[in-house]
Enquirer: 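Please read through the structure below; I'll follow up with questions.
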Amino acid sequence: MNNPYFDLLMFARGPLFDLALLVFVAGILIRIVEILVLGRKKDFSKAKGKPVQQGIKTIFTRTLPRPGAIKANPITIVGGYVFHIGFFIAFLLFVPHIALIEALTGLSWPGVGRVIIESATVIAVIAGLALLYTRWKDPVRRKLTTWVDYLVLILSLLPLITGYVAVNKLFGDPTFMMALHILSVDILMIVFPFTKLMHAFTFAMARYYNGSIQGRKGAES
Amino acid sequence: MSSSPLLPKMMKAHGVSRRSFLKYCASLTSLMALPPAMAPRIAHALETAPRPSVIWLSFQECTGCTEAITRSSAPSLEELIFDSISLDYHHTLQAASGYAAEQAREEAMKEHHGKYLVIVDGSIPLDEPGFSAIAGISNLDMLKETAEGAAAIVSVGTCAAYGGLPQANPNPTGAVAVSDIIKDKPIINVPGCPPIPMVMTAVLAHYLTFGIPDLDELGRPKAFFAESIHDRCYRRPFYDKGLFAESFDDAGARAGWCLYKLGCKGPTTKSVCATVKWNDSTSFPIEAGHGCLGCTEPDFWDNGGFYKPLSAPAGEYRRMGQAALVAGVAAGIGGGYLAKKNKAKAQADHETVDAFTLEKEESES
Amino acid sequence: MSATAERGVNALREQIDAPVASFFSSCVSCGLCADACIFFQETQDPQYTPIRKVELLRRVWENEYTLFGRVKSMLGLGNTITEEDFTEMERLVYDSCTMCGRCTMVCPVGNDITMMIRKMREGMSAAGHAPVELIGAAKRHTKGNSPMGDLSKAIQSQVKHAIADTGIDIEFDKAGVDYLVILSAQEIAEYPEVIGAMAQIFAKAGVTWTISSEAFEATNVGVQIGNRDVAKYLVTRVVEAAEKLGVKKVISPECGHAYQALRWEGPNLIGREYGFEVVHIIELLDQLRAEGKLKTSGKDTDKITFHDPCQINRRGGINKEPRRLLNMVAENFVETDDAGTMNWCCSAGGGVGANERAGDLKNAAFQLKKRQFEKVAPDKIVTMCAFCHHTLENALEDNDMDIEVAGLTEMMAEYLDDED
Ligand code: SF4
Ligand code: SF4
Ligand code: SF4
Ligand code: SF4
Ligand code: SF4
């Protein structure tokens, strides 16, 4: 006799995770290596500033918004921060997740308690919904957004929601909800390399290039 | 054995006071998650119920289940329950063997046709009848034959309930659970490897008093299999606080921190181990410092390793990851190379313009 | 598709490199770049969101520069470029972008959108979709020696005036001097006082310089159109003249895009380092100040504010220098909001000023500047780009604002210390 929920959980943890990992890792590498191989031409202009240093600096400094930006786009910026921070707290500081990362990479660090994890999750979900709302309502964002963008945002929220439901046994069989949680992560990993989720890796390159282009001229970035 | 002596007589014979009998009934009541008011009814039912005939079949098993049910401490209330039934066949326990034993079974089947209870421990091999047979009768035949006239079947142990250890990958005997073969009889699954003795006896008591209990989708009595170990685990506060033992002998383990990272399957395992406990309610595996193996769940042998955290991937992820690294870099270089070639071609095709050829050509080509 | 459109797609193809690929990979469609753009700010029209202006470049990248996009194209799912696409993009790429670089500063993932718009213009121009006025200017500059046509006579007479006004001799084509001065057509035609101003400052500071009678024009309409062939052709004139004269440095004048063209794009257009250095006039003045060779006396008591030309400050890195200089001569210097690196464009850079079709957009954009100036209410606006100077002067007049506009070099010359 089988427990179909358990089988689903094992499928999500087993073969599907393997496939997801393959697509995720290979896909991301393809996209990053592809960019790097493309390279850029040597710049013959005589540098005034320090392109490399400023490039590296910009990777970090661009994290902060320019003065006034928050007032103009509160939902996008505050929502964006909260979503990212909440997501990463829930993802990186929940011990079962650390156990997963440890299994994959051998790296491990201490986690935090459930109150923090769950508050972060709830707040991240609210922020994500707010981002979804402004994407839909704001004419600028609405015009920029493709159906894939909506999908990606929803797919990024699903692991948070299913994880919360599973851990708190809000509804459904907990094993089934846990299976759905892992399934949602598998799917997120699979779509990752094909969508804007790639920004999670390429943003550093983009910021570096921006900083180095401006830095060469001695301009701010 | 057909004349079933009623329970009070038996109790007296065993020197059990009425007081301790009622206490036992009360604890059964709470164990079965029934309202306390039900205790007298249970007592009454147990006292007046005729002892039904029970045939205990053991197939591909390790005797752990039988051991468990018999290893109960004195005063053996479990034993008492045994006496409230008529165990007509149990080839491990009975003195008779071979032809005589089988005759006892056949007699009981004939005499109590349609009323006897079958208890099974162990799984049934389907690949080859000869893998497991008793008195020349294959497990499959014996089960089918015996089940035919049964009122109900109780599958004790994960082997009988879900296939258990014999079914573990690669399942060399083609082992299956009772419920995979018998489809037309009520089956109560009491999984566990082995199940908690108190749970086994309580389920029998329930059967005797109220008939078939409420079962979950896996055929388990809801009274004992509704909550997960994790729901009731005394280490749960550590889990909630994010305090986890990293190895079996670290400070965290000594301080009693959560065993999740050491592979505890409590969160996905339904059983009352954390509340009813083992060995006369002395303790249970997690209390002894070891994570739950998930023994009341189907396929618990194959759920990714006993010492692997529940959240860790369970498949061939290491090989996959390495393959992905190599494939990703190679395909990336390939893709980059194609892109570079594309650009080189574009540059070779560059048509130099000047101010006078900047305007759009009017004639479409 | 026409042959020119084909040429346009090929030009876009040539423009894609790792930075572009990383930018498109990173864009999260957050729309934050919209608020940075003066055209969106003043129209609130979402089509002016900066990242939308590079859509065709994005398509080429996706279809031809990504493995996944190639597969998509092979399955017939690629989004190819049509002649109509080029036509549609004209208003976004040329009319509603001054190449000001503000979007590049705010994008949270760090996309240099302005640089990509510059690249978009390569495709647009090769496809034959550059604004006619800019093409006209390119023709005039190619045939003659400036986008305004042949200015040889004009420069000769302006230099003569300057000599007469200042009593300082200015020699054309003098070999062996340290500096070659080039000028923007705007200065030669509209603000020739700057020649005398430089002559006075340089005379005091002991700077030796000359003007080339062949290549005196600094502007480069090729950069504004976004066509590297044209830009290369025009910049080569200056490079050759400078190298022939053997000067150590070429002074890029008060002109934003000329500075971009000569200092930052030029070496890459010709594919080698120059045999000389390029220095912006304001950088040079600030250096002379630091060396004690530029001394002033007296100060302007007017309320003065400063307009940062996008190409010189935000995209050129010259931010503190003009402020140090201005503080020497202005008693009452007040900054506008967002002054410095995040200053708003004059509303007509990047070829918008010459583009008649963009007139309404330009006026709309100026309203932002107008509000900023009204808040400060200066008597005078100083800047360091003749084109900003020209734009502001005209726009202020059109908006009935009585504010004087001045060039910084001129202003420095005005308060030059006459002693010793
Ligand atoms: S369930 Fe476990 S204890 Fe019972 S027979 Fe099977 S292996 Fe043995
Ligand atoms: S030890 Fe196991 S059952 Fe107990 S809290 Fe930890 S994970 Fe849950
Ligand atoms: S703690 Fe888990 S593995 Fe241990 S007996 Fe209970 S259910 Fe089975
Ligand atoms: S460069 Fe300036 S004008 Fe052009 S799109 Fe960006 S912000 Fe707008
Ligand atoms: S600000 Fe950057 S990431 Fe956001 S839409 Fe514009 S280009 Fe994309």
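Within every chain, numbering begins at 1; the chains are lettered A, B, ... in the order of the sequence lines, protein sequences first and strands thereafter. Everything numeric in this text was worked out from a predicted model, so none of it was measured.
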Enquirer: Any idea which of A327(B), G328(B), P267(B) has the most non-hydrogen atom pairs under 4.5 angstrom with chain A?
Expert: G328(B)

Enquirer: Can you check whether P237(B)'s main-chain N or O pairs, donor with acceptor, with R114(A)'s side chain at less than 3.5 Å?
Expert: no

Enquirer: Side chain, backbone, both or neither: which part of L93(A) has a non-hydrogen atom closer than 4.5 Å to chain B?
Expert: neither

Enquirer: Could you tell me which of T175(A), I116(A), V95(A) has the largest number of non-hydrogen atom pairs under 4.5 Å with chain B?
Expert: V95(A)

Enquirer: Where on Y337(B) is there a heavy atom nearer than 4.5 Å to chain A: the side chain, the backbone, both, or neither?
Expert: backbone

Enquirer: Say you draw a straight line from CG of L325(B) to CD1 of I28(A); how long is it, rounded to the nearest 0.5 Å?
Expert: 11.0 Å

Enquirer: Provide the closest heavy-atom pair for I98(A) versus K261(B) in the form atom of the first, atom of the second, distance.
Expert: CG2-NZ, 4.1 Å

Enquirer: Tell me every residue that passes ring pair (Phe, Tyr, Trp, His ring centres under 6.0 Å) with Y81(A), counting only those two or more places apart in sequence or in another chain.
Expert: none

Enquirer: Chain B contacts: which residues in residues 104-112 of chain A have a non-hydrogen atom closer than 4.5 Å to it?
Expert: L104(A), S108(A), G111(A), V112(A)

Enquirer: Is chain A contacted by the side chain of K241(B), its backbone, both, or neither, given a heavy-atom distance below 4.5 Å?
Expert: backbone

Enquirer: Per the side chain to side chain donor-acceptor pair (under 3.5 Å) rule, what does the pair list look like for residues 185-196 of chain A, sequence neighbours excluded?
Expert: D149(A)-K196(A), K196(A)-S29(C)

Enquirer: Where does E316(B) contact chain A at under 4.5 Å (heavy atoms): side chain, backbone, both or neither?
Expert: both

Enquirer: Mind checking the CG-CG spacing from N3(A) to D299(B)? Nearest 0.5 Å is all I need.
Expert: 8.5 Å

Enquirer: For the candidates N303(B), I333(B), V178(B), V329(B), which exhibits the highest count of non-hydrogen atom pairs separated by less than 4.5 Å from chain A?
Expert: N303(B)

Enquirer: Would you mind checking which part of D302(B) comes under 4.5 Å of any heavy atom in chain A, side chain (CB onward), backbone (N, CA, C, O), both or neither?
Expert: backbone

Enquirer: Quick one: what part of L243(B) sits under 4.5 Å from any heavy atom of chain A, side chain, backbone, both or neither?
Expert: neither

Enquirer: Between P96(A), P174(A), G39(A), which shows the greatest number of heavy-atom pairs under 4.5 Å with chain B?
Expert: P96(A)

Enquirer: Determine whether more than 12 heavy atoms belonging to other residues, nucleotides or ligands lie under 6.0 Å from atom NZ of K341(B).
Expert: no

Enquirer: Under 4.5 Å, heavy atom to heavy atom, which residues of residues 11-24 of chain A contact chain B?
Expert: R13(A), G14(A), F17(A), D18(A), L21(A), L22(A)

Enquirer: At a 4.5 Å cut-off on heavy atoms, which part of Y317(B) comes close to chain A: side chain, backbone, both, or neither?
Expert: both

Enquirer: Surrounding NZ of K57(A) (heavy atoms of other residues, nucleotides or ligands, distance under 6.0 Å), is the total greater than 12?
Expert: no

Enquirer: Shorter than 4.5 Å, heavy atoms on both sides: which option in G242(B), G315(B), A324(B) has the most such pairs with chain A?
Expert: A324(B)

Enquirer: State the CD-CG distance between E118(A) and D240(B), to the nearest 0.5 angstrom.
Expert: 7.5 Å

Enquirer: Which heavy atom of S228(B) sits nearest a heavy atom of K169(A), and at what distance?
Expert: OG-NZ, 3.6 Å

Enquirer: Would you mind checking which part of T269(B) comes under 4.5 Å of any heavy atom in chain A, side chain (CB onward), backbone (N, CA, C, O), both or neither?
Expert: neither

Enquirer: Kindly compute the distance separating CD1 (I182(A)) from OG (S311(B)), expressed to the nearest 0.5 Å.
Expert: 7.5 Å

Enquirer: Please check if atom CZ in R232(B) has more than 12 non-hydrogen atoms from other residues, nucleotides or ligands closer than 6.0 Å.
Expert: no

